There are 2 protein chains.
Amino acid sequence: MRLTRAGEYGIRCVLHLARHGKGTLVSRKEIAVRTDVPPHFLAKIAQQLARAGIIEILQGATGGYRLLTDPSKITLLAVIEAIIGEISLNDCVGRPESCHNSALCTVHRVWNKANQQLRATLQEANFATLAAEDACCLTPFPEADGHNQPSGKK
Amino acid sequence: MRLTRAGEYGIRCVLHLARHGKGTLVSRKEIAVRTDVPPHFLAKIAQQLARAGIIEILQGATGGYRLLTDPSKITLLAVIEAIIGEISLNDCVGRPESCHNSALCTVHRVWNKANQQLRATLQEANFATLAAEDACCLTPFPEADGHNQPSGKK
DNA sequence: ATATATAAGATATATTTAGTCTTATATCGA
DNA sequence: TCGATATAAGACTAAATATATCTTATATAT
Ligand code: SF4
Ligand code: SF4
């Protein structure tokens with residue numbers, strides 16, 4: 001009953017992009033460093049975000065990622081579910097046929113309600129708000145003055 | 001982001017016991033058959049429920065399980081958390097120190113809120129209500145007339 | 001005291017998650 | 001136009017977890 005690592009990383013990625021605004025191209029390397037995500041793992045996650053239509057992936061020497069939509073239109077729920085699939089607190093929520101008693105089950109109803117509530121809460125959060133409010137995800141702010149390169153990169 | 005099998009089984013077990021009422025001894029075998037849980041797996045789960053003070057385990061030839069508390073006092077949350085530990089939708093909810101940015105993170109706050117809401121919903125559901133309302137968990141009602149043994153057991 | 005039915009704990013298998021490595025593609029510079 | 005480089009894309013490996021079974025110990029009844 002917890003978010004996977006990939007889901008968490010996906011959120012960080014989109015949040016970082018949201019700080020730069022819709023359409024701004026950011027290299028995978030920068031995102032990986034700033035959000036502390038293994039670069040190759042990030043690549044895999046980005047593919048899922050791209051398939052979901054949240055970001056666009058640009059290839060080549062000057063490639064990177066960029067948001068296709070305005071951050072205010074991207075919800076936390078959308079990003080999470082792009083990575084880990086539709087949230088389903090119990091098997092029977094997503095696939096009622098997995099338990100032949102789901103039609104009658106009182107517990108099932110509680111799960112359905114809780115699931116719906118959870119998804120609603122995550123849907124209320126959009127990335128414009130999340131990104132604007134204050135610093136998150138490791139480095140306080142990206143490219144604060146353009147040349148604070150640590151040079152202590154491992 | 002889903003309940004483990006063990007958690008689901010724990011709920012079924014307590015629900016079955018709740019049907020029999022507080023203090024009634026029910027054999028592991030009966031519970032296992034009625035709720036479709038592997039008997040040995042159920043034993044392990046029962047241990048956790050016992051440690052949490054929800055059920056009592058009686059050993060010996062006439063042993064079994066029984067509820068220590070009135071079903072109305074047992075919440076869905078308590079049973080779930082007895083099995084899978086405290087619910088934490090993201091690592092940083094349960095262990096804020098796992099991410100050094102949790103103090104500032106706006107996403108973290110959303111997770112906290114969602115987590116709290118989820119736990120509240122599960123806490124509202126008690127087993128008296130769950131058991132009374134209608135049939136759940138496989139066999140419609142335990143010991144309906146004492147001998148509706150399917151005999152088609154695999 | 002012995003046999004039986006059960007619980008308790010240890011062990012093994014399967015599945016999923018997390019991360020790395022290799023291959024392919026696109027842009028840039030000569 | 002061709003080669004070098006930086007990136008994306010996909011295949012693969014290792015670790016963690018979940019699931020289930022097996023073995024051992026305990027308690028009751030005969
Ligand atoms: S018994 Fe109820 S809660 Fe459990 S899996 Fe079946 S429908 Fe869902
Ligand atoms: S970045 Fe925010 S949401 Fe993600 S783990 Fe850290 S505190 Fe939690």
Side-chain angles (χ1 to χ4, degrees), chain A residues 1-13 17 25-33 35-52 54-66 68 80 82-85 87-91 94 98-99 153-154, chain B residues 1-13 17 25-33 35-52 54-66 68 80 82-85 87-91 94-95 98-99 154:
Chain A
M1 186 101 67
R2 63 175 234 289
L3 187 70
T4 63
R5 216 96 182 95
E8 163 67 23
Y9 291 163
I11 294 166
R12 290 189 195 176
C13 173
L17 288 170
L25 189 69
V26 184
S27 74
R28 180 188 70 172
K29 187 173 180 178
E30 176 185 325
I31 300 171
V33 169
T35 61
D36 196 27
V37 174
H40 287 78
F41 199 5
L42 178 58
K44 207 169 125 182
I45 292 161
Q47 288 168 36
Q48 295 179 271
L49 292 172
R51 270 184 228 118
I54 295 168
I55 67 170
E56 186 186 23
I57 297 175
L58 277 297
Q59 228 168 303
T62 55
Y65 309 139
R66 70 176 157 210
L68 282 174
I80 292 166
I83 308 292
I84 67 172
I87 287 175
S88 158
L89 292 170
N90 195 0
D91 272 3
S98 71
C99 180
K153 196 186 112 196
K154 184 182 158 192
Chain B
M1 185 102 65
R2 62 175 235 288
L3 188 69
T4 64
R5 216 101 181 92
E8 164 67 23
Y9 291 162
I11 294 166
R12 290 189 195 177
C13 172
L17 287 170
L25 189 69
V26 184
S27 74
R28 180 187 69 171
K29 188 173 179 178
E30 177 186 324
I31 300 172
V33 169
T35 61
D36 197 27
V37 174
H40 287 79
F41 200 4
L42 179 57
K44 207 170 128 181
I45 291 160
Q47 289 167 36
Q48 296 180 269
L49 292 172
R51 269 184 229 119
I54 294 168
I55 68 170
E56 186 185 24
I57 298 175
L58 277 298
Q59 231 170 300
T62 56
Y65 309 139
R66 68 177 159 210
L68 283 174
I80 293 166
I83 307 292
I84 67 172
I87 287 175
S88 159
L89 292 170
N90 195 359
D91 271 4
R95 302 182 305 119
S98 71
C99 181
K154 183 184 159 192

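Predicted model, so just to flag it, every value in this text is computed and none were measured. Residue numbers start from 1 in every chain, and the chains themselves are labelled A, B, ... in the order their sequence lines are given, proteins ahead of strands.
- Between C:dA5 and B:Gln59, no contact under 4.0 Å exists linking OP1 or OP2 to a side-chain N or O.
- Using a 4.0 Å cut-off, no side-chain N or O of B:Tyr65 falls inside it from OP1 or OP2 of C:dT6.
- In this structure, A:Arg5 CZ and A:Ile84 CD1 are separated by 14.0 Å, a value rounded to the nearest 0.5 Å.
- In terms of position on DNA chain D, the residue among B:Leu42 and A:Thr62 whose nearest nucleotide sits closer to the 5' end is A:Thr62.
- At whole-Å resolution of the value, CD1 in B:Ile84 and C1' in D:dT19 are 15 Å apart.
- Remark on DNA chain D: of its neighbouring residues A:Arg28 and B:Arg5, the 5'-side contact belongs to A:Arg28, judged by nearest-heavy-atom nucleotide.
- Counting heavy atoms from C-beta outward, A:Tyr9 and A:Leu3 have side chains that stay 4.5 Å or more apart.
- The minimum heavy-atom distance linking B:Ala50 with B:Ile57 is given by the pair CB-CD1, 3.6 Å.
- Following rounding to the nearest Å, A:His40 (NE2) and D:dA9 (P) show an atom-to-atom distance of 13 Å.
- In this structure, of D:dA20, C:dT17, D:dC12, it is C:dT17 that holds the atom nearest to the side chain of A:Arg2.
- The nearest whole Å value for the distance from the CD1 atom in A:Ile57 to the C1' atom in D:dG10 is 12 Å.
- Using a 4.0 Å heavy-atom distance criterion, B:Ala6 is classed as a sugar-phosphate-only contact.
- Applying the side chain to side chain contact (heavy atoms under 4.5 Å, CB included) test between B:Tyr65 and each of B:Leu42, B:Leu58, B:Leu49 identifies B:Leu42 as the sole match.
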